[in-house]
Protein chains: 2
Amino acid sequence: MTTPVKLSDWQRVDDEECRQAAQVLEIVGKRWSSGILLAMARGADRFTAINTSVRDLTSRMLAVRLRELEHAGLVDRVVIPTMPVGVRYRLTAQGRDLLASLQPIAGYTHRWN
Amino acid sequence: MTTPVKLSDWQRVDDEECRQAAQVLEIVGKRWSSGILLAMARGADRFTAINTSVRDLTSRMLAVRLRELEHAGLVDRVVIPTMPVGVRYRLTAQGRDLLASLQPIAGYTHRWN
DNA sequence: CTGGATCCCTATCGATACTG
DNA sequence: CAGTATCGATAGGGATCCAG
């Protein structure tokens with residue numbers, strides 16, 4: 001009934017990789033982070049668009065999280081020099097890769113809920 | 001150079017699943033959580049064994065996290081009625097499945113570090 | 001050995017208001 | 001539109017001591 005589990009894989013990863021994996025989890029595990037990334041994966045690329053597509057997210061927390069995600073290399077901030085200035089947020093290749101790597105979680109929640 | 005990315009997968013998962021996935025990430029994303037699960041995956045099953053195998057982890061935080069993980073269904077607390085009482089912690093099937101689902105993260109960190 | 005109880009500090013977060 | 005500034009509440013977490 002449950003999935004085949006290859007727990008032994010975690011015996012093989014060295015401690016440095018685990019440390020980095022933990023760091024990644026601490027970033028995407030913060031409140032709003034995954035919602036923001038998901039909204040962006042689904043096409044939202046403007047501050048306001050992301051803000052309204054994540055329920056109960058305040059502009060303050062969106063700004064904070066976007067800075068964190070940008071710092072982590074997951075999101076790119078693109079300024080378009082128009083009048084007034086336009087700003088777009090896009091997932092980097094790294095961000096898209098992370099989202100893809102997070103995909104099995106969806107399978108997990110489907111199995112256990 | 002980068003991995004093939006199937007971002008579109010996230011278009012298919014419904015909002016409820018995403019909400020639950022976010023919840024899971026918030027649990028394992030907390031400090032110490034992933035380290036504790038990893039230590040258990042590697043065989044530590046006693047309070048003290050887990051405590052010493054995760055660097056800088058205090059007994060207080062271990063107790064707190066173990067309760068959270070137990071409540072989340074990832075860890076089982078087994079009391080052995082000896083004198084004095086022995087306690088063992090084991091990953092549940094759900095916990096092992098989650099760790100397996102987290103496995104791609106190791107690949108991600110390997111690619112981007 | 002397996003934690004629980006306290007104390008106390010800090011980081012985080014929500015609400016609200018404001019701006020180029 | 002895309003944020004910043006400020007404030008007050010609360011939760012998280014480290015240190016320490018204690019107990020069955």
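Every chain is numbered from 1 and lettered A, B, ... according to where its sequence line falls, protein lines coming before strand lines. Values below: all heavy atoms of this structure, side chains included; hydrogens, waters and symmetry mates excluded.
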(request) May I ask you to list the residues of residues 52-68 of chain B, by number, that have any heavy atom positioned under 4.0 Å from an atom of DNA chain C? (result) B/Ser59, B/Arg60, B/Ala63, B/Arg67
(message) Five pairs per end, C1' atoms only: what is the angle between the end axes of the helix from C/dC1-D/dG20 to C/dG20-D/dC1, to 10 degrees?
(response) 60°
Flag, side chain of [X] to backbone of [Y], donor-acceptor distance under 3.5 Å:
| X | Y | result |
| --- | --- | --- |
| A/Arg88 | A/Ile80 | no |
| A/Ser101 | A/Asp97 | yes |
| A/Gln11 | B/Ala41 | yes |
| B/Thr92 | B/Gly73 | yes |

(message) Considering only residues two or more places apart or on different chains, which pairs with a residue in residues 51-67 of chain A satisfy side chain to side chain donor-acceptor pair (under 3.5 Å)?
(response) A/Arg65-A/Glu68
(request) Verify the contact: side-chain N or O of A/Arg77 to OP1 or OP2 of D/dG3, cut-off strictly under 4.0 Å; return yes or no. (result) yes
(message) Check this one for me: any side-chain N or O of A/Tyr89 less than 4.0 Å away from OP1 or OP2 of D/dC1?
(response) no
(message) Can you tell me how far apart CG (A/Leu25) and CG (B/Leu25) are? Round to the nearest 0.5 Å.
(response) 7.0 Å
Listed partners of [X] passing side chain to side chain donor-acceptor pair (under 3.5 Å), at least two apart:
| X | result |
| --- | --- |
| B/Glu17 | none |
| A/Arg77 | A/Tyr89 |
| A/Glu26 | none |

For [X], what residues pass the side chain to side chain contact (heavy atoms under 4.5 Å, CB included) criterion, not counting sequence neighbours?
| X | answer |
| --- | --- |
| A/Glu16 | A/Asp14, A/Arg19, A/Gln20 |
| B/Arg90 | B/Asp76, B/Val78 |
| B/Ala22 | A/Ser34 |

(request) Go through residues 24-37 of chain B and report each residue with a non-hydrogen atom lying under 4.0 Å from DNA chain D, sorted by number. (result) B/Arg31, B/Trp32
(request) Could you list all the salt bridge (charged side-chain N to carboxylate O under 4.0 Å, His left out) pairs where at least one residue sits in residues 35-51 of chain A, not counting sequence neighbours? (result) A/Arg42-B/Asp15
(message) For a 4.0 angstrom threshold against heavy atoms of chain B, report the outermost contacting nucleotides of DNA chain C in 5' to 3' order.
(response) C/dC1 to C/dT6
